2 protein chains.
Amino acid sequence: MATIYDVARKAGVSPKTVSRVMNGDAPVNTETRKAVESAMGELAYVPSRAARTMRSNKTGLVGLITGAISTTPSSPESSGLPDLLIVQGILHVLTEAGITLLISDTGGDPAKVADLTRTFAQHRVEALIYVADYHRKVDLPAIARAETLILVNCFDDAGTPCVLPDDRRGQHALVARLIAAGHRRIGFLTLPEDLVAQGLRLQGYRDALAEAGLAYDPDLVAVAGLHNSGPREVTLIGDAIARMMALDEAPTVLCCGNDRMALQVYGILRSRGVAVPGDISVAGFDDYKLISETLYPPLTTAVLPYQAMGEKAAHMLLERLRANAPAEKENGPLPLISGPVVWRQSVTERNPSAQTG
Amino acid sequence: MATIYDVARKAGVSPKTVSRVMNGDAPVNTETRKAVESAMGELAYVPSRAARTMRSNKTGLVGLITGAISTTPSSPESSGLPDLLIVQGILHVLTEAGITLLISDTGGDPAKVADLTRTFAQHRVEALIYVADYHRKVDLPAIARAETLILVNCFDDAGTPCVLPDDRRGQHALVARLIAAGHRRIGFLTLPEDLVAQGLRLQGYRDALAEAGLAYDPDLVAVAGLHNSGPREVTLIGDAIARMMALDEAPTVLCCGNDRMALQVYGILRSRGVAVPGDISVAGFDDYKLISETLYPPLTTAVLPYQAMGEKAAHMLLERLRANAPAEKENGPLPLISGPVVWRQSVTERNPSAQTG
DNA sequence: CGGTGTCATGACATCGGTGTCATAGCATTG
DNA sequence: CAATGCTATGACACCGATGTCATGACACCG
């Protein structure tokens with residue numbers, strides 16, 4: 001591979017002049033520039049980042065870790081998707097900014113974090129991003145010390161900067177929209193109770209009810225999600241639905257903890273001869289398009305903006321890099337990213353005047 | 001950040017000796033070694049890859065590009081998932097091998113490939129991987145010249161090494177298994193005709209029929225998939241099903257082009273009062289667990305082993321790197337990766353003696 | 001006891017860029 | 001015309017590792 005010396009010799013100038021042509025940091029005579037540029041072209045010269053890094057201490061690299069990072073055991077709600085979508089969002093923004101992403105995966109083994117971090121350190125990454133596969137608290141090994149570090153889809157006790165989904169607001173918006181559509185009895189089949197998202201979404205649900213002056217009825221709320229699909233979850237959901245449908249005032253719509261659960265609810269309801277949305281409406285959460293757009297009828301759901309979270313994290317990172325502010329512990333409000341409600345045909349409009357929202 | 005000189009000074013030795021301790025490439029006195037190691041520990045020394053790269057010309061970096069690479073327009077069957085799963089597979093293997101992956105995304109713009117490739121070249125990546133989001137032919141810009149390059153989920157005319165899914169074998173295995181279960185009239189709702197996978201899977205379908213001595217009946221095959229979900233696809237699939245069900249000898253099972261289509265088929269069948277699998281069986285393709293495990297009843301399907309394809313590609317890469325054989329055009333048989341059939345409750349066993357397979 | 005081999009270590013050059021400083025050439029200015 | 005300033009360029013050192021070679025201290029052997 002050609003070096004700056006080869007180019008310099010071919011163009012009949014000094015290496016430093018070639019450097020100046022590349023970086024434009026000092027005036028170069030037009031003819032000299034042309035000579036250098038054609039020499040670079042002929043030799044297919046590509047400057048070496050390694051050499052450049054040696055002096056400038058700027059690598060243009062950022063490290064990203066997905067998979068297990070916490071030292072606490074984790075409950076894998078993991079479909080493996082969210083973290084990948086977040087990574088895509090980060091990738092777009094950073095690529096645009098000329099930053100190259102080093103990506104590693106713990107493969108589920110938290111013990112590997114130390115190794116990966118060291119590898120990143122060897123490459124002198126300018127910052128680290130950790131992406132969790134579902135909204136949760138993490139317990140960071142104290143390795144990623146002084147470095148700029150940003151957490152996505154997770155948070156810790158130390159106040160490390162993070163980007164989180166606004167589960168509460170999302171559920172609130174969805175339920176408010178259901179109410180606007182004329183629904184008053186809103187069943188809620190929640191995620192497992194140990195998930196952070198579950199508590200927040202329940203709050204959002206209650207917020208929306210309170211805002212509309214509706215009473216909170218515990219009979220309409222049931223923990224019905226498990227961490228994985230399977231016959232046990234089908235039973236759990238089925239029982240919850242049966243209980244709710246048997247109420248004096250049965251729900252007119254079922255909010256599900258996520259789209260995956262909604263998919264199960266479709267099957268369960270239909271196998272019992274209950275039509276969606278003819279007999280009862282169904283709503284999800286996440287907007288996994290693979291499910292929400294494909295279900296028949298298509299699913300009304302709240303967007304969990306994974307891609308946007310990734311983009312937000314990338315922007316925060318760029319800002320910090322420019323400001324040269326490493327790992328500033330923020331005590332301001334956390335950046336909570338919320339997504340819109342997507343209205344599809346799985347929910348009936350009981351109140352034709354409520355087409356807004 | 002501490003350098004090898006700092007460590008050497010602290011330990012009272014020469015930098016070269018520190019280097020020897022790190023690399024173990026020459027004998028070092030035990031006491032000297034201990035002194036050096038404790039100096040490294042105290043200074044939290046991490047060697048610089050950049051400096052190391054300067055002499056050795058080994059970077060331990062591999063570049064990966066996803067998104068549009070081809071200069072030909074593409075039809076986006078893309079749910080965005082496959083490429084991500086493939087990347088995960090690659091990531092696991094390469095991380096294990098101590099190689100760090102530089103990942104970029106064209107964001108759908110083929111024009112960016114040149115930029116990305118140049119960035120990778122600056123980092124002196126030792127190889128390039130391109131990952132497509134669905135099985136297709138690509139038309140590579142002639143940039144990634146001499147370098148070791150591997151294509152995943154796609155192929156080109158130039159004979160660049162690639163890893164592809166064995167669509168034909170997968171469909172063959174699935175249909176053979178259906179036949180073993182006693183099914184004789186097997187409907188096939190295929191993917192759009194312009195997809196490479198469609199032709200291969202249709203061949204697999206015919207292979208299995210021929211092998212069992214069953215006649216191929218064109219009435220049982222319909223192109224019913226579009227590139228995206230939506231009312232048009234629902235209509236297409238619905239019409240195809242109606243036509244097949246009205247045949248003198250209606251199918252007892254419907255094979256769908258992929259799991260997403262199967263999900264639609266579930267909805268369409270049930271909205272017409274047709275029970276799955278009571279009245280008719282359904283099979284998919286891909287084994288997107290999010291769908292196949294969650295559908296009610298769970299979906300019988302053929303695994304499209306994206307993760308395994310990624311792993312295979314990574315292994316091929318490692319082998320080439322070790323052999324130092326850049327971009328050898330292979331003319332041997334292509335590595336086609338096939339996955340198993342996953343048998344779930346969406347297909348009835350009509351022949352109780354056929355529990356094998 | 002001198003020659004030879006092994007062990008342990010250091011001096012020095014080098015990889016490919018860039019920062020610093022010097023300098024030659026020419027124009028401008030008082 | 002001498003002093004000053006700007007343009008364009010090069011010489012040289014340096015970033016932090018490692019490859020090459022030299023060397024001093026022993027041990028072993030005949």
Side-chain angles (χ1 to χ4, degrees), chain A residues 1-40 43-61 98 100 118-126, chain B residues 1-40 43-61 98 100 118-126:
Chain A
M1 179 137 308
T3 75
I4 199 171
Y5 295 94
D6 301 326
V7 175
R9 200 174 327 118
K10 182 148 204 148
V13 299
S14 77
K16 180 67 210 191
T17 298
V18 177
S19 170
R20 282 193 266 258
V21 170
M22 288 193 292
N23 298 293
D25 54 353
V28 173
N29 183 292
T30 308
E31 296 205 5
T32 311
R33 160 170 291 113
K34 271 194 283 186
V36 169
E37 278 167 352
S38 86
M40 293 199 303
L43 295 171
Y45 169 67
V46 180
S48 155
R49 288 262 185 177
R52 198 172 274 182
T53 296
M54 291 277 293
R55 288 215 52 117
S56 66
N57 262 344
K58 291 263 166 235
T59 56
L61 294 175
T100 309
R118 197 148 37 83
T119 302
F120 286 163
Q122 289 183 4
H123 285 290
R124 300 289 191 267
V125 297
E126 297 174 23
Chain B
M1 178 137 309
T3 75
I4 200 171
Y5 295 94
D6 301 326
V7 175
R9 201 176 322 120
K10 181 149 208 148
V13 298
S14 76
K16 180 67 212 189
T17 298
V18 177
S19 170
R20 282 193 266 257
V21 170
M22 289 194 293
N23 299 294
D25 54 354
V28 174
N29 183 293
T30 309
E31 296 203 8
T32 310
R33 160 171 291 114
K34 272 194 283 185
V36 169
E37 278 167 352
S38 85
M40 292 199 302
L43 295 171
Y45 168 68
V46 179
S48 154
R49 288 260 185 179
R52 197 172 273 182
T53 296
M54 292 277 294
R55 289 218 45 118
S56 67
N57 262 343
K58 291 265 167 232
T59 56
L61 294 175
T100 309
R118 196 148 38 82
T119 302
F120 285 163
Q122 290 183 3
H123 286 289
R124 299 291 191 265
V125 296
E126 296 173 24

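First the proteins, then the strands, lettered A, B, ... as listed; each starts at 1. It should be emphasised that the depicted structure is a prediction, and the values quoted were computed from it without experimental measurement.
Here Arg49(B) contributes atom CZ and Leu61(A) contributes atom CG; the two are 11.5 Å apart, rounded to the nearest 0.5 Å.
Smallest separation of non-hydrogen atoms from Arg124(A) and Thr59(A): O-OG1, 2.7 Å.
A sub-4.0 Å separation between OP1 or OP2 of dT9(C) and a side-chain N or O of Ser14(B) is absent. Dashed line: the shortest gap from a side-chain N or O of Arg55(B) to OP1 or OP2 of dG19(D) is not under 4.0 Å. Distances shorter than 4.0 Å separate some side-chain N or O of Thr17(A) from OP1 or OP2 on dG10(D). For dG17(C), the OP1/OP2 oxygens have no side-chain nitrogen or oxygen of Ser19(A) closer than 4.0 Å. Distances shown here put every side-chain N or O of Ser56(A) at or beyond 4.0 Å from the OP1 or OP2 atom of dT18(C). Using a 4.0 Å cut-off, some side-chain N or O of Asn23(A) falls inside it from OP1 or OP2 of dT18(C).
Residue Arg20(B) places a side-chain atom within donor-acceptor reach of the base of dG10(C), judged by atom type and a 3.5 Å distance cut-off alone. Below the 3.5 angstrom threshold, one finds a donor paired with an acceptor across the side chain of Lys16(A) and the base of dG19(C).
Look at CZ on Arg33(B): it is 13 Å from C1' on dC7(C), rounded to the nearest Å. Rounded to an integer number of Å, the gap from CE of Met40(A) to C1' of dG17(C) is 14 Å. For the pair Met54(B) CE and dC14(D) C1', the interatomic distance rounds to 10 Å; values are reported in whole Å. Following rounding to the nearest Å, Asp6(B) (CG) and dC15(D) (P) show an atom-to-atom distance of 11 Å. Residue Gln122(A) contributes atom CD, which lies 15 Å from atom P of dG16(D) at whole-angstrom precision. Here dC15(C) presents its C1' atom at 15 Å from CE of Met1(A), a figure rounded to the nearest Å. The interatomic distance linking Asn57(A) (CG) with dG19(C) (P) rounds to 12 Å, in whole Å. Atom CZ in Arg49(B) sits about 18 Å away from atom C1' in dC15(D), given to the nearest Å.
Within 4.0 Å of Val18(B), counting heavy atoms only, lies no atom of the nucleic acid at all. Using a 4.0 Å heavy-atom cutoff across all strands shown, Met22(B) reaches sugar-phosphate atoms only and no base atom. Looking at heavy-atom distances under 4.0 Å, Thr32(A) makes contact with sugar-phosphate atoms alone, never a base.
Base pairing analysis places dG30(D) opposite dC1(C); the two distances defining the Watson-Crick or G-U wobble pair are each below 3.5 Å.
Paired with Pro15(B) under the rule side chain to side chain contact (heavy atoms under 4.5 Å, CB included), one option of Thr3(B), Asp6(B), Ile4(B) passes, and it is Ile4(B). Partner of Tyr45(B) under the side chain to side chain contact (heavy atoms under 4.5 Å, CB included) criterion, chosen from Met1(B), Met22(B), Lys10(B): Met22(B).
Of the candidate nucleotides dG19(C), dT18(C), dA17(D), dT18(C) has the atom nearest to the side chain of Ile4(A).
Listed for the Glu126(A) side chain is a donor-acceptor partner under 3.5 Å among the backbone atoms of Gly60(A).
Where Tyr5(A) and Pro15(A) meet DNA chain D, the nucleotide closest to each residue was compared, and Pro15(A) sits on the side nearer the 5' end.
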key: Arg20(B)/Thr32(B) under side-chain contact (heavy atoms from CB on, under 4.5 Å): CA gap, chis, key distance, verdict   = CA-CA 11 Å; Arg20(B) 282 193 266 257; Thr32(B) 310; over 6 Å; no
